[in-house]
Structure formats: C-alpha cells, structure tokens
Chemist: 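There's a structure below that I have some questions on.
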Amino acid sequence: MSAAPQKTKAGAEKIEVIVSAVVPVNELVTRFEFQRPDGAPFPPFSAGAHTVVEMNDAGRTRLNPYSLMSDPADPGTYAISVRRDDQGRGGSLFLHRNVKPGDRMTLSYPVNLFPVDLRGRKHVFLAGGIGITPFLAMIAQLEKLGARWELHYACRNEALASYADVLTARHPGKVRIYYDDRKQAIPLGDLLDGQPLGTHVYVCGPKGMIEWVHRTATDHGWPEDNVHSEEFLAPQPGKPFEVRLCKSDMTIRVGENESLLEAMERCGVDAPFLCRGGACGQCETDVVEHEGEFIHRDHWLEDDQQASGTKIMPCVSRFVGPTLVLDR
C-alpha cells in the first residue's frame with residue numbers, strides 16, 4: 001500500500017519521491033526524473049500541470065514551481081527540466097549542483113493553470129527557451145487523442161535547443177525551430193492568419209514573448225479565450241520592510257532576498273499557495289491598512305485592484321513604506 005499523502009501547513013498535499021535520474025540536456029538545462037519510494041503510481045495529472053519542488057538548501061527551504069514534462073499517461077514517473085540561472089535566487093543552482101540519483105525529495109501534488117482546451121479544433125504551441133517543457137506533455141497527450149497540433153520553438157542557438165532534435169525526429173512536419181543566432185523569427189502574424197476557425201494558441205517563454213503573442217493575437221482579431229499563456233514570476237529582491245499580520249498577531253520583517261510569502265512561512269504563518277509565481281491567485285491577501293507604496297509584480301490582480309491598495313500577492317509583490325497591515 002502507498003503511504004497517505006502528507007500536507008503542508010497551508011493544506012497542499014505533498015508527495016515524497018526518489019530522484020531516479022539526472023540527465024544533462026545541454027549546457028544550461030538538466031532533466032530530473034522522480035519515482036515514488038514504494039513504487040506506487042503518481043497521482044494523475046493533465047498536460048500543462050506544474051509541481052512545486054521542495055529543497056532544503058543548507059537549512060533554508062526553497063519551494064520552486066516547475067512544469068511537468070513527462071507523459072501524463074505514464075503514472076510511474078514525474079519529470080521536470082530546469083534551466084540553470086546563475087543570477088537567480090538559488091533554486092535552479094541547488095538542483096544542478098546538489099541533486100543526484102537516489103536522493104529523497106518532496107514534490108507538491110500537480111496543479112494545472114495551463115491546460116489544453118480540448119474543445120479546440122487545432123492547437124498551436126509557441127515556445128521560447130525553457131518554455132518548451134509544458135508542451136512536451138501537451139504533445140504526448142494530443143498525440144494519443146489524434147488531435148491536430150503544431151509547434152513553433154524559438155531558441156538562442158542549436159546547442160541550447162532543448163529537445164529540438166527529439167521533437168523534429170518524432171514529429172516531422174509538425175515542429176518548426178527558429179534560431180536567434182541565425183536571425184530566424186516566428187512569423188507570428190502570418191501564422192495566426194493561416195489557422196482554421198476554432199484553433200487555440202498556447203505560449204510559454206519569456207515575458208516579452210508572451211506579451212507579443214497576446215498583443216499580436218488581439219490585433220489580428222483572435223478571441224481572448226483562444227490564447228493561453230503561462231509565466232511563473234520569480235520574486236525579485238528589494239528593500240527590507242515590516243508587515244503586521246492581524247490574524248497571526250505578529251509583526252514580521254521581510255528580508256531583501258526573500259518574498260513576503262517566504263517570510264510568513266519562515267515565521268510559521270499558514271500561508272496558502274499553488275504556483276508561487278503570481279499566476280494562480282491562491283495567496284491573494286487583503287490589506288487592512290497601509291502607508292507607503294506597493295510594488296505589484298503579479299499578473300493575477302486587475303489594474304484597478306492593484307491601484308486600490310486593498311490587495312497584495314505575497315508570492316512576488318513587495319512594499320515600501322512605514323506601515324503595512326495584512327488580514328492574515
């Protein structure tokens with residue numbers, strides 16, 4: 001029998017795993033594969049889902065979301081691909097430098113904020129860099145369904161084109177690769193204009209690429225509901241600030257290199273989350289009182305909500321000023 005799922009203080013279920021493989025994909029990207037210690041199947045997930053990887057980095061807990069790239073039909077393995085970010089906050093560096101086969105780790109149950117809309121008559125995937133990862137699972141799912149799809153994948157150069165060789169060999173005629181160093185670019189306008197009615201477009205990559213796709217699709221008359229995107233934002237450093245938490249009856253200090261969410265967790269506060277990247281809305285918190293300026297970095301709150309000063313997303317947003325009181 002498999003062990004009962006554990007729960008975090010915020011109620012999210014955890015899965016204990018063993019690292020079954022660590023596979024270098026190229027100079028920057030490594031694939032990490034996981035299995036359950038008792039050999040039990042993983043919880044099912046749909047293509048586009050992510051998991052939050054828990055890491056104990058010299059006593060500091062890091063919780064980073066990564067898209068599941070493994071085949072949703074294979075319950076024996078979860079897999080993620082991680083791009084090493086030498087200027088990041090340390091999660092990717094920890095995985096690249098410290099994690100090896102046989103290690104025990106903890107993952108969250110999968111959550112899907114970027115699902116395939118199976119009502120679509122066709123699916124067009126637009127990937128930039130490491131944004132290829134959710135599309136690997138989507139392609140596997142759609143192939144089994146016999147659905148129509150095509151992939152357009154922009155990469156810095158051939159050496160850093162993660163899984164491009166596998167995709168082009170396995171799906172000739174459905175995959176097109178564009179290399180920056182060859183001055184190649186996705187012909188987005190023509191591509192959008194040439195799709196049949198009922199097509200859905202999905203984009204995952206750098207912020208600028210996501211905005212470009214949404215803007216171009218709008219300009220070309222695409223319905224908003226037919227254009228899907230995913231972007232997890234990493235918390236950015238900033239000046240330390242203090243926060244009063246009403247329900248918890250405590251004042252905490254948010255350090256320069258930690259998020260408000262991380263500071264609450266460090267102090268034992270029950271703080272819900274799903275994505276930790278400003279996308280899901282799970283950690284949305286009401287502001288009771290403030291004197292100062294919010295630095296909103298999420299893409300969940302509407303512009304008027306951000307301007308009102310009544311809401312904050314603790315996973316990615318910060319505050320500058322003498323007084324911030326939250327209903328937490």
Chemist: Is any side-chain heavy atom of S67 closer than 4.5 Å to one of F135?
Modeler: no
Chemist: Can you find a pair of side-chain heavy atoms, one from C315 and one from C283, that are under 4.5 Å apart?
Modeler: yes
Chemist: Distance from T77 atom OG1 to D71 atom CG, nearest 0.5 Å?
Modeler: 10.0 Å
Chemist: Quick check for you: to the nearest 0.5 Å, what is the distance between Q184 atom CD and I186 atom CD1?
Modeler: 11.0 Å
Chemist: Test Q195 against W222 for side chain to side chain donor-acceptor pair (under 3.5 Å), laying out the working first.
Modeler: CA-CA 11 Å; Q195 299 304 323; W222 277 63; over 6 Å; no
Chemist: Please check this pair: side chain of T51 against backbone of S108, looking for a donor-acceptor N/O pair closer than 3.5 Å.
Modeler: yes
Chemist: With heavy-atom distances below 4.5 Å as the criterion, would you say the side chains of M105 and L95 are in contact?
Modeler: yes
Chemist: Counting only heavy atoms from other residues, nucleotides and ligands, does the tally under 6.0 Å from CZ of R170 exceed 12?
Modeler: no
Chemist: Answer yes or no: is there a side-chain heavy-atom contact under 4.5 Å between L126 and L188?
Modeler: yes
Chemist: Hey, what do you get for CG (L145) to CG (L118), rounding to the nearest 0.5 Å?
Modeler: 6.5 Å
Chemist: Between R36 (side chain) and P41 (backbone), is there a donor-acceptor pair under 3.5 Å?
Modeler: yes
Chemist: Specify the closest pair of heavy atoms between L326 and V288, including all atoms of both residues, with the distance to one decimal.
Modeler: C-CG2, 3.9 Å
Chemist: Thinking salt bridges, do R328 and D270 make one under a 4.0 Å N-O criterion?
Modeler: no
Chemist: With the threshold set at 4.0 Å, does a side-chain nitrogen-carboxylate oxygen contact exist between R276 and E265?
Modeler: yes
Chemist: Flag the pair R318 and E293 as a salt bridge only when some basic side-chain nitrogen lies within less than 4.0 angstrom of an acidic carboxylate oxygen.
Modeler: no
Chemist: Same cluster or not: are I130 and V25 linked, directly or through other Ile, Leu, Val, Met, Phe, Trp or Tyr residues, by side-chain heavy atoms under 4.5 angstrom apart?
Modeler: yes
Chemist: V82, M69: one ILVMFWY side-chain cluster at the under-4.5 Å cut-off?
Modeler: no
Chemist: Which atom pair, heavy atoms only, marks the closest approach of P134 to C204?
Modeler: CG-SG, 3.9 Å
Chemist: Between V287 and L324, is any pair of side-chain heavy atoms under 4.5 Å apart?
Modeler: yes
Chemist: Can you name the one residue among K14, E16, E54 that meets side-chain hydrogen bond (donor to acceptor under 3.5 Å, both in side chains) with T106?
Modeler: E16
Chemist: With rounding to the nearest 0.5 angstrom, report the OG to CZ distance, S308 to F294.
Modeler: 8.0 Å
Chemist: Can you tell whether the side chains of R266 and E262 come within less than 4.0 Å, N to carboxylate O?
Modeler: no
Chemist: Should the pair R156-D181 be classified as a salt bridge under the 4.0 Å nitrogen-to-oxygen rule?
Modeler: no
Chemist: I'd like to check I139 versus L151 (side-chain heavy atoms, cut-off strictly below 4.5 Å). Are they in contact?
Modeler: yes
Chemist: Taking salt bridge (charged side-chain N to carboxylate O under 4.0 Å, His left out) as the test, write out the residues that go with D103, two or more places apart.
Modeler: K100
Chemist: Can you give me the closest heavy-atom contact between A263 and V254, atom names plus distance?
Modeler: CB-CG2, 3.9 Å
Chemist: Of all residues at least two apart in sequence or in a different chain, which pass the salt bridge (charged side-chain N to carboxylate O under 4.0 Å, His left out) check with E289?
Modeler: none
Chemist: Can you tell me how far the CZ atom of R83 sits from the NE2 atom of H96, to the nearest 0.5 Å?
Modeler: 9.0 Å
Chemist: With the 4.5 Å side-chain cut-off for hydrophobic clustering, are L142 and V201 part of the same group?
Modeler: no
Chemist: Does one side chain, of S92 or R84, offer a donor that lies under 3.5 Å from an acceptor on the other?
Modeler: no
Chemist: Are F34 and Y78 an aromatic pair by the rule of ring centers under 6.0 Å?
Modeler: no
Chemist: Would you call E150 and H171 a side-chain contact if the rule is heavy atoms closer than 4.5 Å?
Modeler: no
Chemist: Distance only, no hydrogens: is a donor on one side chain within 3.5 Å (strictly under) of an acceptor on the other, for D193 and H220?
Modeler: yes
Chemist: Closest approach of L113 and C280, non-hydrogen atoms and distance?
Modeler: CD1-CB, 3.4 Å
Chemist: I'd like to check S81 versus Y163 (side-chain heavy atoms, cut-off strictly below 4.5 Å). Are they in contact?
Modeler: yes
Chemist: Classify the side-chain pair Q306/K311 by whether it contains a donor and acceptor separated by less than 3.5 Å.
Modeler: no
Chemist: Is there a donor-acceptor pair under 3.5 Å between the side chain of T199 and the backbone N or O of P196?
Modeler: yes
Chemist: Kindly determine whether H152 and Y178 satisfy side chain to side chain donor-acceptor pair (under 3.5 Å), including the steps that lead there.
Modeler: CA-CA 8 Å; H152 298 263; Y178 307 82; 2.7 Å; yes
Chemist: Side chain to side chain donor-acceptor pair (under 3.5 Å) for N56 and T61? Distances and angles first, verdict last.
Modeler: CA-CA 5 Å; N56 184 352; T61 300; 5.5 Å; no
Chemist: Distance alone, cut at 3.5 Å: any donor-acceptor contact between the side chains of Y202 and H123?
Modeler: yes
Chemist: Please write out which residues are connected to M313 in a hydrophobic cluster, directly or through intermediates, given that two of Ile, Leu, Val, Met, Phe, Trp, Tyr count as joined at side-chain heavy-atom separations below 4.5 angstrom.
Modeler: W300, L301
